[in-house]
Amino acid sequence: MISSTEYGSHTWELLVTVDHQHEEVQKEFVLRVTGDLHIGGVMLKLVEQIKIPQDWSDYALWWEQKKCWLLKTHWTLDKCGVQADAKLFFTTQHKMLRLRLPNMKTVRLKVSFSSVVFKAVSDICKILNIRRSEELSLLKQSEDALKKKKKKDKNGKEQVTEDILNLCDSPVSSGLSGSPGLYSKTMTPTYDPISGTPASSMITWFSDSPLTEQNCSILALSHPNCSPETLAEMYQPRTLADKAKLNAGWLDSSRSLMEQGILEDDQLLLRFKYYTFFDLNPKYDAVRINQIYEQARWAILLEEIDCTEEEMLIFAALQAYQVSKLSLSSEAQDFTCESEVDEVEAALSNLEVTLEGGNTSNILEDITDIPKLADNLRLVRPRKLSLKAIKPYWFVFKDTSVSYFKNKESALGEPIEKLNLKGCEVVPDVNVAAKKFGIKLLIPVADGMNEVYLRCENENQYARWMAACVLASKGKTMADSSYQPEVHKILSFLKMKNWTMSPQAVSDPESIDMKPECFVSLRYTKKYKPKQLAARILEAHQNVSQMTLVEAKLRFIQAWQSLPEFGLSYYIVRFKGSKKDDVLGVSYNRLIRIDIATGDPITTWRFSNMKQWNVNWEIRQVAIEFDQNVFIAFTCLSADCKIIHEYIGGYIFLSTRSKDQNETLDEDLFHKLTGGQE
């Protein structure tokens with residue numbers, strides 16, 4: 001019964017359901033409140049009424065109908081808009097979540113379901129000892145992948161219990177701020193830079209961290225591949241449309257897990273979303289390097305990214321080397337060879353330059369006389385109704401343009417044609433075994449892309465011209481400090497491809513414990529017999545056999561970066577004014593419009609030329625303005641337009657990073673660039 005004094009007042013009843021584990025205690029409570037009572041007061045009243053002596057500090061109110069947390073405890077019920085019909089849940093903010101890592105291992109840990117995903121991923125990465133958490137995000141598995149998994153389960157095959165790494169005792173689990181674990185802000189070397197194993201002097205870190213030495217090795221070291229049968233049961237995209245589905249499930253970084261319908265003990269994928277791997281260092285990044293390597297490895301095995309047969313064998317050789325190297329007991333020795341460390345760090349600096357990730361040396365930037373290349377090359381122009389025309393010309397490369405002349409003597413006059421490479425697509429067309437060193441240039445013109453091929457005579461000439469083309473496409477000249485490292489990187493990749501037959505090495509492939517079908521995609525296991533594959537992988541193996549474990553992973557990552565499709569995330573879109581669907585490729589420095597039927601690039605727009613972009617949230621349309629009065633607008637058909645909006649803003653945010661930031665991130669700037677104004 002309600003007393004007359006209560007009836008005459010402005011009080012009303014509020015139903016709150018409490019999420020607790022005490023079966024003998026009721027779960028639904030009715031509180032009599034007023035609109036000017038603040039959220040903190042509601043929680044205090046509730047705890048007093050529950051009368052269970054326990055720590056309620058991690059609990060907060062969740063408003064079911066509005067799908068939002070009531071975290072501002074000083075706000076009143078009126079200000080929040082809570083009325084008598086509201087269904088509130090008093091539940092923990094930190095809940096169990098299963099995460100499938102890039103190496104396909106599953107970890108189970110407590111994650112904040114009330115923090116925005118950007119912050120939640122940062123806390124997860126601190127537990128897993130992965131620096132630069134802004135490069136990662138959480139992804140819901142695609143529906144097609146889930147359908148394939150359900151189909152496999154229905155086939156009645158004997159189910160293997162998944163081995164889950166339980167990290168539920170982590171510091172973040174209790175609602176406290178994430179302890180560093182192995183994440184060392186003092187930058188004390190945490191890992192052996194050669195083998196990637198935890199440095200012996202740092203073992204004391206493990207006593208207070210859920211990431212024990214054993215768990216760390218699971219995350220930081222690569223393990224034997226799965227069988228071809230297992231690979232066949234995994235989802236493999238066949239078309240560009242299939243690849244677009246893989247990127248549809250990225251969570252919104254500006255909203256919490258609960259707000260996006262994620263429930264306790266759900267499984268999500270933790271993946272590198274942005275392909276700008278900044279400040280990699282083997283002394284601190286063994287887990288991070290291994291997880292990047294694993295994400296690249298699975299992308300190649302599942303054919304999420306295309307590569308040639310020659311490249312596939314290089315990837316296979318580097319994987320086989322990882323397995324054989326790990327099996328050697330001598331790998332546990334203490335490596336202190338300085339020259340080897342320098343080689344690894346040199347490889348890392350090349351990796352950074354490739355991805356435009358860091359501030360490199362400024363030695364060459366003050367040179368006023370920009371270098372130029374001049375040499376005899378062959379020009380190939382595809383013709384629709386006849387054979388390709390291949391003619392030798394004298395080429396001159398200066399600034400960001402290539403000019404070609406009939407011969408060297410006529411180079412002082414007007415060129416036959418001058419090609420401006422700024423904003424073009426540069427694709428390698430190489431077969432080292434056949435001595436083919438080609439550069440495919442897709443140059444933007446008014447009605448699409450102008451296709452031109454350059455043929456070089458040898459590896460050195462190819463490396464110099466390819467590096468110049470890559471830099472020119474980004475608006476940089478050969479005076480840029482990244483030119484020489486780019487040349488060196490291209491040559492090192494060609495050297496890996498240029499293996500020589502070693503009869504004693506491949507005479508008996510069975511003498512080496514290798515399952516070659518585990519290291520290549522299904523296409524090649526169907527094409528070759530295991531013995532043939534083993535022999536070809538061992539040929540390629542000769543060029544990688546002198547590397548350290550970490551360097552082999554870095555070489556794998558660099559080879560992955562060299563693939564034309566590297567870093568592209570695909571979405572099916574409909575451009576304004578168009579009557580058919582296209583594919584939009586989003587990369588770390590550009591957007592590419594791609595023909596959905598043929599896979600050919602139509603137009604490229606670089607972020608460096610972008611003036612502004614915005615989203616019309618009512619019609620879900622992304623509009624972008626570029627230099628020279630270029631405007632584009634499109635709606636996204638394969639995912640929410642917020643995902644593309646966040647991709648663009650995220651890449652621009654990551655381009656602002658510098659090493660002197662002391663690893664602190666401007667989270668507000670990230671949300672301004674990616675959050676939108678819904």
Side-chain angles (χ1 to χ4, degrees), residues 1-98 108-117 119-120 123 166 168-178 251-252 254-268:
M1 294 291 291
I2 299 172
S3 67
S4 57
T5 53
E6 285 181 320
Y7 186 81
S9 68
H10 297 292
T11 63
W12 40 275
E13 291 183 344
L14 179 64
L15 179 67
V16 182
T17 304
V18 180
D19 179 17
H20 62 72
Q21 305 303 317
H22 303 273
E23 293 182 5
E24 68 281 1
V25 181
Q26 68 185 82
K27 295 204 170 184
E28 290 192 351
F29 293 85
V30 177
L31 304 178
R32 181 150 289 279
V33 297
T34 58
D36 58 1
L37 181 64
H38 53 74
I39 299 298
V42 173
M43 292 195 291
L44 183 61
K45 265 193 170 191
L46 183 61
V47 170
E48 287 174 349
Q49 197 166 324
I50 297 171
K51 295 178 182 175
I52 299 176
Q54 72 171 61
D55 182 3
W56 297 98
S57 60
D58 190 42
Y59 277 67
L61 289 170
W62 166 257
W63 190 355
E64 180 61 30
Q65 295 105 315
K66 297 283 187 181
K67 299 290 181 191
C68 70
W69 289 93
L70 303 178
L71 298 175
K72 294 180 178 176
T73 53
H74 60 286
W75 278 28
T76 63
L77 292 172
D78 283 344
K79 190 171 183 179
C80 292
V82 176
Q83 296 177 346
D85 61 344
K87 290 181 181 178
L88 300 186
F89 285 83
F90 192 49
T91 184
T92 52
Q93 297 176 63
H94 289 80
K95 301 176 186 293
M96 298 305 297
L97 188 68
R98 289 177 296 131
R108 191 167 180 269
L109 69 172
K110 273 197 175 177
V111 176
S112 173
F113 274 56
S114 61
S115 299
V116 295
V117 165
K119 179 70 171 62
D123 290 340
N166 204 328
C168 59
D169 296 326
S170 65
V172 175
S173 305
S174 59
L176 305 173
S177 60
L251 296 189
D252 186 338
S254 302
R255 296 163 65 209
S256 70
L257 292 171
M258 284 273 277
E259 288 170 324
Q260 298 180 70
I262 306 302
L263 305 175
E264 184 165 14
D265 222 31
D266 276 359
Q267 178 167 294
L268 295 173

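- Heavy atoms only, all atoms of each residue included: Trp12 and Gly35 are closest at NE1-N, 3.7 Å.
- Looking at residues two or more places apart in sequence or on another chain, you find no side chain to side chain donor-acceptor pair (under 3.5 Å) involving Asp85.
- Contact between Ser115 and Ala120 at its shortest, heavy atoms only, is CB-N, 4.5 Å.
- Of all non-hydrogen atoms in Ala86 and Val82, the two that sit nearest each other are CB-CG1, 3.8 Å.
- Residues meeting the salt bridge (Lys or Arg N to Asp or Glu O under 4.0 Å) test with Asp265, sequence neighbours left out: Arg108.
- Sorted by first then second residue, the ring-ring contact (aromatic ring centres under 6.0 Å, His included) pairs that include residues 18-44, not counting sequence neighbours, are His20-His22.
- With sequence neighbours excluded, the residues satisfying salt bridge (Lys or Arg N to Asp or Glu O under 4.0 Å) with Glu64 are Lys67.
- In this structure Lys87 satisfies the side chain to side chain donor-acceptor pair (under 3.5 Å) test with no other residue, sequence neighbours excluded.
- When all heavy atoms are compared, the tightest approach of Phe113 to Ile262 is CE2-O, 3.5 Å.
- Tested against Leu257 for a side chain to side chain contact (heavy atoms under 4.5 Å, CB included), the candidates Leu251, Leu263, Asp266 yield a single pass: Leu251.
- With sequence neighbours excluded, the residues satisfying ring pair (Phe, Tyr, Trp, His ring centres under 6.0 Å) with Trp69 are Trp62.
- Here Lys79 pairs with nothing under the side chain to side chain donor-acceptor pair (under 3.5 Å) rule; sequence neighbours left out.
- For Ser114, the side chain to side chain donor-acceptor pair (under 3.5 Å) partners at least two apart in sequence or on another chain are Gln93, Ser112.
- For the residue pair Val33 and Leu14, the shortest heavy atom distance occurs at CG2-CB, 4.0 Å.
- When the side-chain contact (heavy atoms from CB on, under 4.5 Å) test is applied to Lys66, the partners found at least two apart in sequence or on another chain are Trp63, Cys68.
- Shown here are the salt bridge (Lys or Arg N to Asp or Glu O under 4.0 Å) partners of Asp19, two or more places apart in sequence or in another chain: Lys95.
- Within the structure, salt bridge (Lys or Arg N to Asp or Glu O under 4.0 Å) pairs that include any residue of residues 44-53 do not occur (at least two apart or interchain).
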